[in-house]
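Just so it is clear: chains get the letters A, B, ... in the order the sequence lines come, proteins before strands, and each one is counted from 1. Since the model is a prediction, treat every value here as computed from it, not as a measurement.
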There are 2 protein chains.
Amino acid sequence: MSITRGRSVTISDVARTAGVSRAAVSKVIRNAYGVSPGMRQRVEAAIEELGYRPSVAARALRGSSYRLGLEIPYVSGRFMTQIVDGANRAVADTPYQLVLAPADGPEYSTLESLADGLVDGIIAVSPRVDPPWLEELARRVPVVMLGRHDDPEGYDTVVGDDEAGAGAVMDHLLALGHRRIAHLTEPEAVAAETPVTPHVVRVAVYRRRMAEAGLTPSIEVARWEDGDSGVREATARLLALPEPPTAIFAGHDDIALVVLAGVAAAGRLGEISVAGYDNTDMSQHPLIDLTSVDQQGVEMGAQAATMLLERLRGRTERRQHVLATSLRIRGSTRPPRT
Amino acid sequence: MSITRGRSVTISDVARTAGVSRAAVSKVIRNAYGVSPGMRQRVEAAIEELGYRPSVAARALRGSSYRLGLEIPYVSGRFMTQIVDGANRAVADTPYQLVLAPADGPEYSTLESLADGLVDGIIAVSPRVDPPWLEELARRVPVVMLGRHDDPEGYDTVVGDDEAGAGAVMDHLLALGHRRIAHLTEPEAVAAETPVTPHVVRVAVYRRRMAEAGLTPSIEVARWEDGDSGVREATARLLALPEPPTAIFAGHDDIALVVLAGVAAAGRLGEISVAGYDNTDMSQHPLIDLTSVDQQGVEMGAQAATMLLERLRGRTERRQHVLATSLRIRGSTRPPRT
DNA sequence: GCATGTTTGTAGATCGGTCTCCGCTTGTAA
DNA sequence: TTACAAGCGGAGACCGATCTACAAACATGC
């Protein structure tokens with residue numbers, strides 16, 4: 001039926017060619033103790049000659065697969081590329097390889113399938129899974145979570161300082177003189193599922209700052225539904241309010257881009273300020289020029305990978321890392337028209 | 001040292017609980033022949049009760065891992081998200097799972113590491129590997145290549161109709177009245193490594209159309225060097241020519257975005273037309289509004305995955321699929337100022 | 001010279017599945 | 001009744017590594 005896939009060369013082939021045992025070859029490739037220089041050389045020559053590469057499946061069955069899984073909720077997210085870049089950089093000089101698992105739908109099943117022995121450790125960006133489940137997962141395989149404010153037992157976290165980041169945005173908008181500031185955040189359903197996502201923190205900060213500025217009546221929290229069209233509708237609703245906001249603080253840059261599009265479509269560009277979050281590459285484009293919060297996405301990815309490697313090396317105490325943020329002020333935010 | 005990772009439940013545990021042999025359990029989970037309804041039920045109950053999930057590593061060692069690898073050259077590429085979406089959609093109702101492997105550097109090593117038994121098949125978007133090497137790879141594991149115009153023996157290809165796509169862009173620009181049209185394409189080094197990348201075709205079409213229009217003297221092929229700064233410099237060089245182009249046809253949208261930024265920075269937005277390729281989501285943004293070629297990226301990804309699944313089901317004849325393109329005319333291209 | 005270590009290499013169990021072959025029942029045709 | 005096929009379930013080899021235990025060789029100290 002199917003062609004005979006050229007059976008690849010195994011450790012036994014190498015052992016035979018080098019005239020040693022399989023165990024010896026295994027030691028050499030793992031840099032294990034008990035190998036004489038002479039044998040190392042003969043084995044390495046054989047490996048070279050045959051073009052041998054160890055089977056990941058076989059290694060994983062007994063030892064490690066030397067693969068780290070990075071679960072990402074939606075591939076299109078521009079912020080994710082920062083994470084991936086950072087993580088990739090961190091594993092670059094290790095024997096580990098990064099493997100991405102896009103969560104098309106339910107994140108639980110993607111994480112499960114990663115944990116099924118494919119990888120030695122998992123980095124995940126999943127706001128929608130609950131802590132107890134994660135603790136359970138972490139009992140089976142080392143886990144580092146990104147963008148979680150929870151207080152875990154068995155897994156590590158890397159997260160931006162959303163308190164400061166959102167605060168900076170609000171301070172900036174208020175200082176510009178805005179009074180009617182709206183906030184666009186994730187769907188209620190998502191927020192309800194898990195205790196503390198970054199967005200939940202951002203909303204809280206938004207509310208607090210508004211209240212502190214005596215603007216409680218102007219508090220306006222809109223929620224996008226999944227998909228771009230949901231964001232467009234939310235934007236349209238905001239713009240159609242009897243007293244529309246003069247500034248919109250969007251949950252993150254991808255959303256802010258759609259908001260900008262909506263504002264532009266309404267012909268009110270420059271009139272209504274828009275701020276985002278994540279400082280993605282597009283926010284820096286001169287035609288977009290979006291005020292945003294840099295939360296060091298690349299560094300987040302790198303930190304997460306590094307912490308995971310530490311776990312693999314034996315660390316058992318949990319670690320939680322918080323990254324500083326900095327506001328990048330650009331042309332999309334300016335004083336309200338008087 | 002490290003905590004005892006809670007050993008997960010194996011097929012033997014299920015067999016014991018269900019009071020059957022391991023082979024029987026295996027048959028049930030693989031839907032194999034020779035299972036009575038009664039046994040199926042008992043086994044499924046045991047699986048449910050224990051929360052059993054087969055180990056990917058163990059399965060892969062003998063049978064299949066039920067994982068498909070998708071190699072992507074640069075994660076940030078906005079076109080890639082279309083591919084991933086499509087591929088994900090195509091495997092959604094199969095037992096297969098998509099796994100992404102970002103090629104941070106040399107694509108060869110990323111592909112190798114995928115082929116090391118991690119996946120049952122590979123989809124790759126690697127213009128920089130040469131055909132003989134791919135043939136070799138395809139002998140070990142089924143391969144579908146995206147964006148390749150070569151004429152392979154052992155692997156399949158899915159590619160856009162670059163001839164028509166690039167032709168449409170040129171026809172459009174010429175019809176608008178442009179005479180000095182420049183083309184920005186990939187570095188010479190890349191083009192030299194492999195025979196026919198999509199970009200090579202686009203360049204050829206550009207040259208031909210210019211010649212046909214009697215504009216041979218105005219032919220201007222600029223090449224970007226890796227990284228955004230390289231593109232910026234290339235754009236600056238073009239704009240600084242004694243007789244600068246009135247239109248720039250960029251190799252793809254990501255590049256076109258940088259070109260647009262450069263044109264904007266030079267204060268010549270609206271004066272110089274810019275066209276891209278791939279019809280990425282950003283090209284559709286009203287603030288960008290970039291004329292581009294839709295080459296059905298989502299469909300490409302879906303086709304590739306489907307073809308790979310066919311291979312896994314036993315097909316051995318090669319297949320080559322070409323996707324139609326359509327030009328999306330937007331505000332970034334307009335008649336030259338006279 | 002002998003007991004004791006230290007290197008160096010190997011044998012063989014093991015990981016958790018898949019898959020081939022084989023035997024036991026049953027049903028059915030001769 | 002006998003023969004044969006089809007259906008069902010299990011025994012056990014096997015995939016390609018890792019890893020523990022152990023043996024052989026060699027050095028060292030007294």
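- With distances taken from any side-chain atom of Tyr52(A) to the nucleotides dA17(D), dT7(C), dC15(D), the minimum falls on dA17(D).
- Within 3.5 Å, a donor on the side chain of Arg62(B) pairs with an acceptor on the base of dC14(D), or the reverse.
- Phosphate proximity of dC8(D) to Tyr33(B): absent, as no side-chain N or O sits under 4.0 Å from OP1 or OP2.
- Using a 4.0 Å cut-off, no side-chain N or O of Ser55(B) falls inside it from OP1 or OP2 of dG16(C).
- Open room surrounds CD on Glu153(B); 12 or fewer heavy atoms of other groups in view lie less than 6.0 Å from it.
- Looking at heavy-atom distances under 4.0 Å, Ala23(A) makes contact with a base.
- The phosphate of dG10(D) (OP1 or OP2) has a side-chain N or O of Ser21(B) nearer than 4.0 angstrom.
- A donor-acceptor pair shorter than 3.5 Å can be found between the side chains of Arg30(B) and Ser26(B).
- Within 3.5 Å, no donor on the side chain of Arg22(A) pairs with an acceptor on the base of dG16(D), nor the reverse.
- Closest approach to the Leu61(B) side chain among dC15(D), dG17(C), dT18(D) is made by dC15(D) (side chain taken as heavy atoms from C-beta onward).
- One atom, CD1 of Ile11(B), and another, P of dG12(D), lie 17 Å apart when rounded to the nearest Å.
- What separates CG of Asp116(A) from P of dC15(C) is a distance of 19 Å, to the nearest Å.
- Atom pair Met39(B):CE and dG7(D):C1' shows a separation of 12 Å (rounding to whole Å applied).
- Straight-line distance from the CG atom of Leu118(B) to the P atom of dG16(D): 16 Å, rounded to whole Å.
- When each of dA17(D), dT18(D), dG9(C) is scored by its nearest atom to the side-chain atoms of Arg30(A), the top-ranked nucleotide is dT18(D).
- Following rounding to the nearest Å, Arg53(A) (CZ) and dG16(D) (P) show an atom-to-atom distance of 16 Å.
- Of the candidates dC19(C), dG16(C), dT18(D), the closest approach to any side-chain atom of Ala58(B) belongs to dG16(C).
- Formation of a donor-acceptor pair under 3.5 Å by the Asp116(B) side chain with backbone atoms of Ser55(A) is not found in this model.
- For the pair Arg40(A) CZ and dT7(C) P, the computed distance is 16 Å after rounding to whole Å.
- For dA17(D), neither phosphate oxygen OP1 nor OP2 lies less than 4.0 angstrom from any side-chain nitrogen or oxygen of Ser26(A).
- Within the 4.0 angstrom heavy-atom criterion, only backbone atoms of the sugar-phosphate kind lie near Val20(B); the bases stay farther away.
- Taking atom OH of Tyr66(B) as the reference point, atom C1' of dG17(C) lies 11 Å away to the nearest angstrom.
- Looking at Arg67(A) and Asp120(A), no side-chain N of the basic residue comes within less than 4.0 Å of a carboxylate O on the acidic one, giving no salt bridge.
- The interatomic distance linking Ile29(B) (CD1) with dG9(D) (P) rounds to 16 Å, in whole Å.
- A 6.0 Å sphere centred on CD of Gln41(B) holds no more than 12 heavy atoms belonging to other residues, nucleotides or ligands.
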